[in-house]
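Since this is a predicted model, take the numbers as computed values, not measurements.
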Amino acid sequence: MPQKFVQMSGLNVPQSLDEAYSLIRHQGIQDHLEIGGWKLGGTTRSTQSIFKVDELYFGALDFTEIAHVPTLAPTRKLLQSRAEVEIAFRISSTVNPTPIQEVPIENLFDQWCVAVEMPSSPIENIAEFGVETLIADRCAAGFLVLGKPYSLRSSQIQPWHEASLCLFQDDQKLAEGTSDQLVWPAEECARRFLLSALEKDFQPRPGQWISTGGITPCVSIEEGARISIQRDGILELEFQVKGKI
């Protein structure tokens, strides 16, 4: 990732979604990206409105851009310190590519968790150039913090539905939301991602995580602060913010 902010010009902007996804496939090969997960956009009404889309889009995360229940995060340097709460699912080892539309959720994904997505982009004027530029930037890939994982079973009530998720910085509540902020249920966002990724010649693999989009607003957080996430008042995740560049 560049270590300073840059300005885009119309000369180097992808002209289509196909070109944007082709660029990140090429970048992944060139940079030897070892994909550990995926981040989704266009799954909330606000991102659909900003980028003028009605379907989700996605970016890949390297395994070094993901941490599981860390005490300190991010473990790599970012240009920006921002965070939002999301729901994430782990792709099951038993996933069958077809027909994904008909496969029960518990056969597609074997675990879920509360997550904190920390977007970071070196492109200061990214919103000016549309979703194609955002996709080419791997959807502002920054860092993903995964909380305690829970098994996903067919008999299980889906506990992320209607749960109140709150982000605290030290003892101050910065953001709150429910999965109603998503255009589709969180698990259906993950299913739609699998369909979209396969159509675009990406290969999501078992063990990779899918973070489904911001349930809370994306808020600024401070270096050195303690971030905690509660689900219906129960602590799900807590870590200290490591410094940015």
Ignoring hydrogens and geometry, is there a side-chain-to-backbone donor-acceptor pair from [X] to [Y] under 3.5 Å?
X	Y	value
E84	P217	no
R76	G142	yes
Q208	R205	yes
D232	S164	yes
R138	A60	yes
T44	G214	no
D62	I35	no
Q169	R226	no
R191	V103	yes
T216	V85	yes

Legend entry - Worked verdict on F89 versus W160 for ring pair (Phe, Tyr, Trp, His ring centres under 6.0 Å): CA-CA 11 Å; F89 297 90; W160 56 87; 5.1 Å; yes
Would you name the heavy atoms of [X] and [Y] that are closest together and state the gap between them?
X	Y	value
T212	L40	CA-CD1, 3.9 Å
G59	C139	N-SG, 3.6 Å
Y57	T47	OH-CB, 3.7 Å

Inset, instruction - Check whether more than 12 heavy atoms from other residues, nucleotides or ligands sit under 6.0 Å from atom CG of D180, and answer yes or no. - result: yes
Legend entry - Residue E55 excluded, over 12 heavy atoms near CD under 6.0 Å: yes
Drop me the distance from [X]'s [atom1] to [Y]'s [atom2], to the nearest 0.5 angstrom.
X	Y	atom1	atom2	value
T178	I87	OG1	CD1	10.5 Å
L198	I100	CG	CD1	5.0 Å
R192	E187	CZ	CD	11.5 Å
R82	S220	CZ	OG	7.5 Å
E86	C113	CD	SG	10.5 Å

Inset, instruction - Would you please indicate yes or no on a ring centroid separation below 6.0 angstrom for F58 and Y21? - result: yes
Legend entry - Ring centroid separation W112 to Y150 under 6.0 Å: yes
Legend entry - I215 with F168, same ILVMFWY side-chain cluster at under 4.5 Å: no
Legend entry - Joint cluster assignment, L23 & F202, ILVMFWY side-chain distance < 4.5 Å: no
Inset, instruction - For the pair K39 and E117, find out whether any cationic side-chain nitrogen is under 4.0 Å from an anionic carboxylate oxygen. - result: yes
Legend entry - Residue pair L235 / I229, side-chain heavy-atom distance below 4.5 Å: no
Legend entry - Passing candidate, side-chain hydrogen bond (donor to acceptor under 3.5 Å, both in side chains) with E236, options R231, Q230, K148: R231
Legend entry - Co-members of the apolar cluster containing W209 [side chain, <4.5 Å]: L61, I66, L144, L146
